Protein chains: 2
Amino acid sequence: MSEITIVEIARRCGVGVSTVSRAINNHSDINPETKKRIMEVIRETGYIPNNSARNLKRTDAKCIAVLVRGITNPFFAPMIEVVEKEVEERKYALVMRHVESHEDEVDVALELEKEKRLRGIIFMGGAAKHSAEKIKQLSVPVVFATIGSDIADDLSRNEYSTVSVDDEKESFKVVEYLIGLGHKKIAILTEGSDTPSIVKLRLKGYLGALEKHGIKPDEKLIRYVDRRIYTFSNGYDTTKALIESGEKFTALYCISDVLAVGALRALADSGIKVPEDVSVVGYDGQEIAEYCVPRLTTLRQPMVDISKEAMKLLFSIIDKESGHKHIVFPGELIIGESTRKIK
Amino acid sequence: MSEITIVEIARRCGVGVSTVSRAINNHSDINPETKKRIMEVIRETGYIPNNSARNLKRTDAKCIAVLVRGITNPFFAPMIEVVEKEVEERKYALVMRHVESHEDEVDVALELEKEKRLRGIIFMGGAAKHSAEKIKQLSVPVVFATIGSDIADDLSRNEYSTVSVDDEKESFKVVEYLIGLGHKKIAILTEGSDTPSIVKLRLKGYLGALEKHGIKPDEKLIRYVDRRIYTFSNGYDTTKALIESGEKFTALYCISDVLAVGALRALADSGIKVPEDVSVVGYDGQEIAEYCVPRLTTLRQPMVDISKEAMKLLFSIIDKESGHKHIVFPGELIIGESTRKIK
DNA sequence: TAGAGCTATGGAAACGTTACCGGTAACGGT
DNA sequence: ACCGTTACCGGTAACGTTTCCATAGCTCTA
């Protein structure tokens with residue numbers, strides 16, 4: 001443990017601690033020569049100011065936190081790029097935190113808030129419901145990105161912001177597109193956890209579209225992936241199981257592109273041709289959709305727009321130029337090569 | 001800003017601050033009833049201990065830091081899973097930090113070290129060379145995962161650990177495999193930055209294999225991707241350029257699976273069949289390699305083993321059960337469907 | 001019954017910074 | 001010769017914790 005402190009530096013330089021502090025934080029009231037001498041000593045001793053002590057005193061550090069559940073999901077990559085750029089532009093510090101599977105993102109935020117002098121928080125991914133009580137404890141503005149506005153029913157909607165697509169509506173659109181192609185036996189790969197989430201909305205959209213067109217939903221065509229984390233293999237296994245169950249289906253709707261890629265492979269391995277035998281559609285519009293074979297039809301969420309808007313909104317709330325809002329972006333159905341009219 | 005402090009809690013409860021502290025940290029010397037009363041007040045006021053102040057005093061918090069350059073790269077996903085599990089098992093706290101493109105990971109570590117009471121640091125990804133001077137400033141054990149042992153020539157090898165594959169040797173193996181299939185015109189997609197990195201080693205392995213088999217390397221077949229971040233589109237564009245240059249090649253070696261996936265698409269778009277016309281091989285052994293069409297031949301790094309070993313090693317160094325080491329795992333050539341004997 | 005040994009508590013000194021408040025010296029202008 | 005500035009700098013009080021030490025009230029035991 002580097003035991004050396006600002007006091008030690010001051011002693012070695014034969015100056016007062018405040019002078020050292022001034023040197024470090026390049027304040028004005030200091031002789032350039034003294035400063036040089038001090039910096040010299042600092043460099044050669046390898047002294048680093050203790051941040052805890054700093055934060056304890058300081059009150060002006062401008063910092064925003066971004067908490068991402070499942071930061072390794074490539075879905076977030078373009079969003080994170082935007083965030084980094086935006087934050088740097090405004091001269092804020094950024095702390096990006098991956099929230100682990102067993103952690104509660106709001107708890108993490110709560111902790112972070114005391115540790116750093118946060119000015120705002122952005123949540124990405126994660127559960128769509130949170131305890132209103134907890135969110136209220138957060139004393140800085142909060143915006144949820146990619147998660148719709150019904151995060152906590154019992155929480156006044158103007159205590160937090162959301163920027164997202166309308167998952168139910170977009171999902172509806174996707175399924176209606178498939179129906180328009182003549183599909184009636186449409187299977188869906190979705191997530192089984194019972195925590196309320198955006199995924200539930202996608203399922204709702206699916207059911208809604210079927211209903212509107214008088215197609216009776218078939219329990220057996222609704223498949224749940226095992227784990228909450230989306231992986232190719234998860235999509236693969238679930239699709240395999242679906243195929244082996246012998247249920248007939250002509251289209252497969254995966255609520256995430258990652259699952260869809262796994263599904264494509266499973267279908268191919270079983271000798272089922274896409275799109276000749278089965279049409280496949282994904283959701284999210286990740287980069288991979290363009291690169292798989294066949295190119296995946298998917299619902300693109302405007303990730304960049306969402307994150308840009310989330311940042312803009314957060315900053316304007318911080319600057320009191322705006323109150324909380326709930327912004328909905330339209331999704332875009334990208335037609336790839338994985339879907340076609342039914343024969 | 002939640003202005004309420006431990007003093008305030010003490011005041012409201014009519015007890016001393018030390019008693020409150022005892023309650024919070026569930027120490028033994030406290031009347032259960034007092035404790036209950038205090039906890040009650042804490043809950044209803046929403047008080048959260050200030051972590052900066054805490055860390056300033058505390059000296060026993062067991063915490064390890066994991067710094068990942070490009071945490072959104074799916075390559076790290078399985079490694080991060082391991083880390084989380086391992087850390088939790090040992091009852092350490094974990095701070096996982098994404099290091100941004102413009103940051104220096106050692107600087108970030110240095111800062112973190114003062115902020116938290118770190119016991120150890122793991123670096124994943126990132127540059128393969130660091131200033132020895134800086135690394136020495138780190139006062140806790142450091143292990144680099146996926147980065148070989150020549151991180152800083154001028155630094156004594158027993159001041160840090162590494163766990164990785166031998167990138168040069170594995171790369172050699174890959175190219176030799178292609179040569180064994182009869183390929184002579186082997187193009188490579190690599191990275192152009194001049195910061196020393198593991199990628200350089202892979203290029204070296206490529207050149208070495210060619211030389212050993214008496215094949216003269218062709219400048220025009222060595223292609224550099226634009227940006228340091230690997231993306232599908234980066235692989236796509238660079239491959240497109242290669243194809244359009246008219247250079248003849250029968251095999252394409254991409255130093256990352258991500259690039260390879262982009263390459264596959266570019267080849268397909270140009271009507272070049274894989275593996276009939278061109279063999280393609282990747283590197284890393286990411287999950288995607290198994291799911292693309294055709295399945296990618298790739299060099300699998302044992303990500304899970306590497307990260308497990310890295311954790312084990314770090315902990316044993318922390319516990320003084322071991323000194324620094326440099327562990328090399330063998331890679332494994334996974335034969336997919338993207339390579340074949342030349343006609 | 002005096003002292004020893006608990007249990008539960010409060011007081012206060014750190015931890016390493018920063019920021020405010022003064023103080024000294026030098027210097028120029030009247 | 002005096003005063004007002006200015007340029008530097010040092011001392012010290014916070015910041016919110018934890019931890020050591022002291023103490024008060026007990027219960028035991030010899």
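Given the structure is predicted, the values throughout are model-derived calculations rather than measurements. Every chain is numbered from 1 and lettered A, B, ... according to where its sequence line falls, protein lines coming before strand lines.
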May I ask you to say what S28(A) touches in the nucleic acid, namely base, sugar-phosphate or nothing, with a heavy-atom cut-off under 4.0 Å?
nothing
Apply the test side-chain contact (heavy atoms from CB on, under 4.5 Å) to residues I64(A) and V87(A): give CA-CA distance (whole Å), side-chain angles for both, the deciding distance (0.1 Å), then the verdict.
CA-CA 8 Å; I64(A) 82 126; V87(A) 162; 3.9 Å; yes
If you go through the side-chain atoms of S18(A), does one of them form a donor-acceptor pair with the base of dG11(D) closer than 3.5 Å?
yes
The side chain of S21(A) is closest to which nucleotide in this list: dT18(C), dG16(C), dT17(D)?
dT18(C)
Identify which one of I24(A), I38(A), V41(A) satisfies the side chain to side chain contact (heavy atoms under 4.5 Å, CB included) criterion when paired with Y47(A).
I24(A)
Give the rounded distance in Å between these two atoms: CG of L56(A) and C1' of dC15(D).
4 Å
In whole Å, what is the span from the CZ atom of R37(B) to the C1' atom of dT9(C)?
12 Å
Nucleotide nearest I30(A) when distance is taken to its side chain, options dT18(C), dC9(D), dT17(D)
dC9(D)
DNA chain D nearest-nucleotide lookup for H27(B) and T19(A): closer to the 5′ end is T19(A)
So E86(B) and R90(B), do their side chains get closer than 4.5 Å, heavy atoms only?
yes
Write down the distance between CZ (R22(A)) and P (dT17(C)), rounded to a whole number of angstrom.
16 Å
Closest listed nucleotide, where the reference is the side chain of N31(A) and the choices are dA19(C), dC9(D), dG16(C)
dC9(D)
In whole angstroms, the gap separating P of dG10(D) from CD1 of I38(A) amounts to 8 Å
According to a strict under-4.0 Å criterion, is T34(A) in side-chain N/O contact with OP1 or OP2 of dC9(D)?
yes
Nearest-Å distance, CG (N55(A)) to C1' (dT17(D))?
14 Å
To the side chain of P32(B), which of dT18(C), dT18(D), dA8(C) is closest?
dA8(C)
Using a cut-off of less than 4.0 Å, is there contact between a side-chain N or O of N25(B) and OP1 or OP2 of dT18(D)?
yes
Whether over 12 other heavy atoms sit under 6.0 Å from E44(A) CD:
yes
On DNA chain C, more 5' by nearest nucleotide between D29(A) and V17(A) is V17(A)
Respond yes when some side-chain nitrogen or oxygen of N50(B) is under 4.0 Å from OP1 or OP2 of dC15(D), and no when none is.
no
Rounding to a whole Å, what distance do you find between I6(A):CD1 and dG10(D):P?
12 Å
Nearest-angstrom distance from the residue atom NZ of K36(A) to C1' of dC8(D)
18 Å
Should R54(A) be listed as having a side-chain N or O under 4.0 Å from OP1 or OP2 of dT18(C)?
yes
Please report the distance, rounded to the nearest Å, between CZ in R11(B) and P in dG10(C).
14 Å
Which residue pairs pass the side chain to side chain donor-acceptor pair (under 3.5 Å) test with at least one member in residues 307-321 of chain B, sequence neighbours excluded?
none
